[in-house]
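What you see below is based on every heavy atom in this structure, not just the backbone, and it leaves out hydrogens, waters and symmetry mates. Order of listing sets the numbers, starting from 1, for every ligand and every atom in it.
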Amino acid sequence: MKVYLDGELVKKEDAKISVFDHGLLYGDGIFEGIRAYNDRLFRLKEHLERLWASAKAINLSISITRKEMEKAIIKTLLANKLSDAYIRLIVTRGCGDLGLDPNKCTSPPSIIIITDNISLYPKELYEKGMEVVTVSTRRMTQDSLSPNIKSLNYLNNILAKIQATRNGVMEAVMLNSQGYVAECMDNNIFIVKNDILLTPPASEGALIGITREAIIEFAKNKLRIPVKQERISLYDVYTADECFLTGTAAEVVPIVSVDSRQIADAKPGAITVKLIKEFKSLVRLTGTPIK
Ligand code: PXG
């Protein structure tokens, strides 16, 4: 496997960065997770826009242009002969001393692109649905650190993952500081109630996921069902007709139980199944070609 590291394609074993990089020392940096399907990069423009927005928010200047980033991604995919892949873009603050001050980083930010295969959950979970639990770790609030910055510090989400795993499930529902549903640990959450699709807005602590946006579009334009972005309580989730999560790595996964409350008849719901079908066919046909 070849990894893109600061303009070069290097062997996986040789893809190393300094222990003085502030990405390692402080989690000071940003990332994106993108997917390629059938030789096409799904929603590349949106992912690059979000990466540049995360950079702006932390006052980090990415030393290459978006077009150069796109070329670098394609070059890495081609070098690894991957047409379906998960792509991880990482931009670190660069090397500095042992103090927090990013202004003292003397090297430019490191740009890393890793491309590989990924299957986040076993295949049967996509057909049978997943059980999740609510965890005690609350999603970060907008007034401390915006959940929309995809930073290299994912401890908030990792703590949720640890608790989920201890409870024997793979995903966690995270609440915001007011106790309303924000999102899952690294995925967005949707419910269906009376044929309306509902998902928490950014103001409730949800990252504006790119898969989330695609699902909202499909629901409105293809299934012609109303979509509302509004505050959701755990009561709304427990009593929903359907529930599912979305994310680049996870894609669309039906949720059939939350905190041991079965969702409807504990089978993936009809709207969820239609959205999964729509998603699967669209990702293979749309997107930026890599060849
Ligand atoms: N919420 C959080 C906190 C996320 O980190 C999503 C929602 C879903 O967003 P997208 O744009 O992917 O639909 C994410 C995305 C990884 C990985 O390697 C994490 C994400 C995406 C891809 C890979 O852990 N999180």
Side-chain angles (χ1 to χ4, degrees), residues 3 23 27 29-37 41-54 57 73 84-91 112-121 130 132 134-135 137-142 144-165 170-176 181-190 197 199-219 229 232 243-253 255 275-276 278-280 282-283 286-287:
V3 172
I30 49 171
F31 80 98
E32 269 299 314
I34 310 174
R35 263 190 193 262
Y37 296 92
L41 289 156
F42 183 64
R43 307 232 158 168
L44 177 68
K45 185 171 157 277
E46 289 82 349
H47 279 288
L48 294 184
E49 254 164 35
R50 192 169 62 183
L51 183 78
W52 258 261
S54 290
I73 296 169
D84 286 85
Y86 173 69
I87 300 133
R88 169 58 80 89
L89 291 189
I90 302 155
V91 185
I112 302 155
I113 305 171
I114 307 169
T115 58
D116 206 354
N117 294 309
I118 191 175
S119 47
L120 209 58
Y121 309 124
M130 175 186 259
V132 302
T134 308
V135 291
T137 302
R138 297 288 171 102
R139 196 74 183 99
M140 277 168 329
T141 52
Q142 305 275 357
S144 55
L145 183 62
S146 168
N148 271 302
I149 300 173
K150 280 190 73 89
S151 89
L152 294 185
N153 188 324
Y154 251 48
L155 274 176
N156 183 234
N157 318 66
I158 290 166
L159 293 180
K161 175 72 177 178
I162 291 170
Q163 203 178 340
T165 310
M170 300 176 85
E171 260 292 342
V173 175
M174 297 186 79
L175 308 178
N176 60 26
V181 175
E183 58 180 338
C184 284
M185 192 183 78
D186 56 359
N187 291 295
N188 290 113
I189 189 165
F190 284 85
L197 189 61
T199 193
S203 53
E204 294 294 316
L207 174 97
I208 300 303
I210 284 155
T211 322
R212 175 188 183 276
E213 297 299 281
I215 288 297
I216 291 174
E217 268 174 47
F218 297 164
Q229 298 188 41
I232 292 174
C243 183
F244 61 88
L245 61 79
T246 65
T248 298
E251 302 172 303
V252 185
V253 188
I255 293 175
L275 285 168
I276 293 176
E278 190 64 38
F279 183 78
K280 275 192 182 156
L282 246 118
V283 290
T286 59

**OP:** Pick one of side chain, backbone, both or neither for how Asn187 approaches ligand 1, counting any non-hydrogen atom pair under 4.0 Å.
**Re:** backbone
Subject >> Check: Ile208 N/O within less than 3.5 Å of ligand 1 N/O >> reply: no
**OP:** State whether the shortest distance between N or O atoms of Thr211 and N or O atoms of ligand 1 falls below 3.5 angstrom.
**Re:** yes
Original post:
Purely on distance, is any nitrogen or oxygen of Arg88 under 3.5 Å from one on ligand 1?
Top reply: yes
Subject >> Contacting atoms of ligand 1, where contact means under 4.0 angstrom from a heavy atom of Glu183 >> reply: 1 (N), 2 (C), 3 (C), 7 (C)
Subject >> Test item, Arg50 contacting ligand 1 (heavy atom, 4.0 angstrom) >> reply: yes
**OP:** Give the atoms of ligand 1, by number and element, whose distance to some non-hydrogen atom of Tyr154 is under 4.0 Å.
**Re:** 3 (C), 4 (C), 5 (O)
Original post:
Which residue holds the protein heavy atom closest to atom 23 (C) of ligand 1, what is that atom called, and what is the gap in Å?
Top reply: Tyr86 OH, 2.6 Å
Original post:
Less than 3.5 Å between some nitrogen or oxygen of Lys150 and one of ligand 1, yes or no?
Top reply: yes
Original post:
Is Asn157 close to ligand 1, meaning an N/O of one under 3.5 Å from an N/O of the other?
Top reply: no
Subject >> Expected output: side-chain Glu183 to main-chain Leu207 donor-acceptor under 3.5 Å >> reply: yes
Original post:
Only one of Val135, Asn157, Leu245 clears side chain to side chain contact (heavy atoms under 4.5 Å, CB included) with Cys184; which?
Top reply: Leu245
Original post:
Checking side chain to side chain contact (heavy atoms under 4.5 Å, CB included) for the pair Thr137/Gln163: CA distance, chi angles, key distance, verdict?
Top reply: CA-CA 9 Å; Thr137 302; Gln163 203 178 340; 4.2 Å; yes
Original post:
Distance from Asn148 atom CG to Ser54 atom OG, nearest 0.5 Å?
Top reply: 7.5 Å
**OP:** Report the relative orientation of the aromatic rings in Phe190 and Phe244; use parallel for angles under 30°, tilted for 30 to 60°, perpendicular for over 60°.
**Re:** parallel
Original post:
Any Lys/Arg nitrogen of Glu32 or Arg43 sitting under 4.0 Å from an Asp/Glu carboxylate oxygen of the other?
Top reply: no
Subject >> Among Thr248, Asp84, Ile87, side chain to side chain contact (heavy atoms under 4.5 Å, CB included) partner for Arg35 >> reply: Thr248
Original post:
So which protein heavy atom does atom 11 (O) of ligand 1 come closest to, and at what separation?
Top reply: Ile210 N, 2.7 Å
Subject >> Side-chain donor or acceptor of Arg138 paired with backbone N/O of Asn176 under 3.5 Å >> reply: yes
**OP:** Using a strict cut-off of 4.0 Å, indicate which atoms of ligand 1 neighbour a heavy atom of Thr248.
**Re:** 10 (P), 11 (O), 12 (O), 13 (O), 22 (C)
Subject >> Electrostatic pair Glu49-Lys45, nearest N-O below 4.0 angstrom >> reply: yes
Original post:
At a 4.0 Å threshold, what atoms of ligand 1 neighbour a non-hydrogen atom of Gly209?
Top reply: 9 (O), 10 (P), 11 (O), 13 (O)
Subject >> Protein residue, atom and distance nearest to atom 14 (C) of ligand 1, heavy-atom basis >> reply: Asp186 O, 3.2 Å
Subject >> Leu207 contact mode with ligand 1 (heavy-atom cut-off under 4.0 Å) >> reply: side chain
**OP:** Could you tell me whether the side chains of Glu251 and Tyr121 share a donor-acceptor contact shorter than 3.5 Å?
**Re:** no
Subject >> Proximity flag Arg139 to ligand 1, non-hydrogen atoms under 4.0 Å >> reply: yes
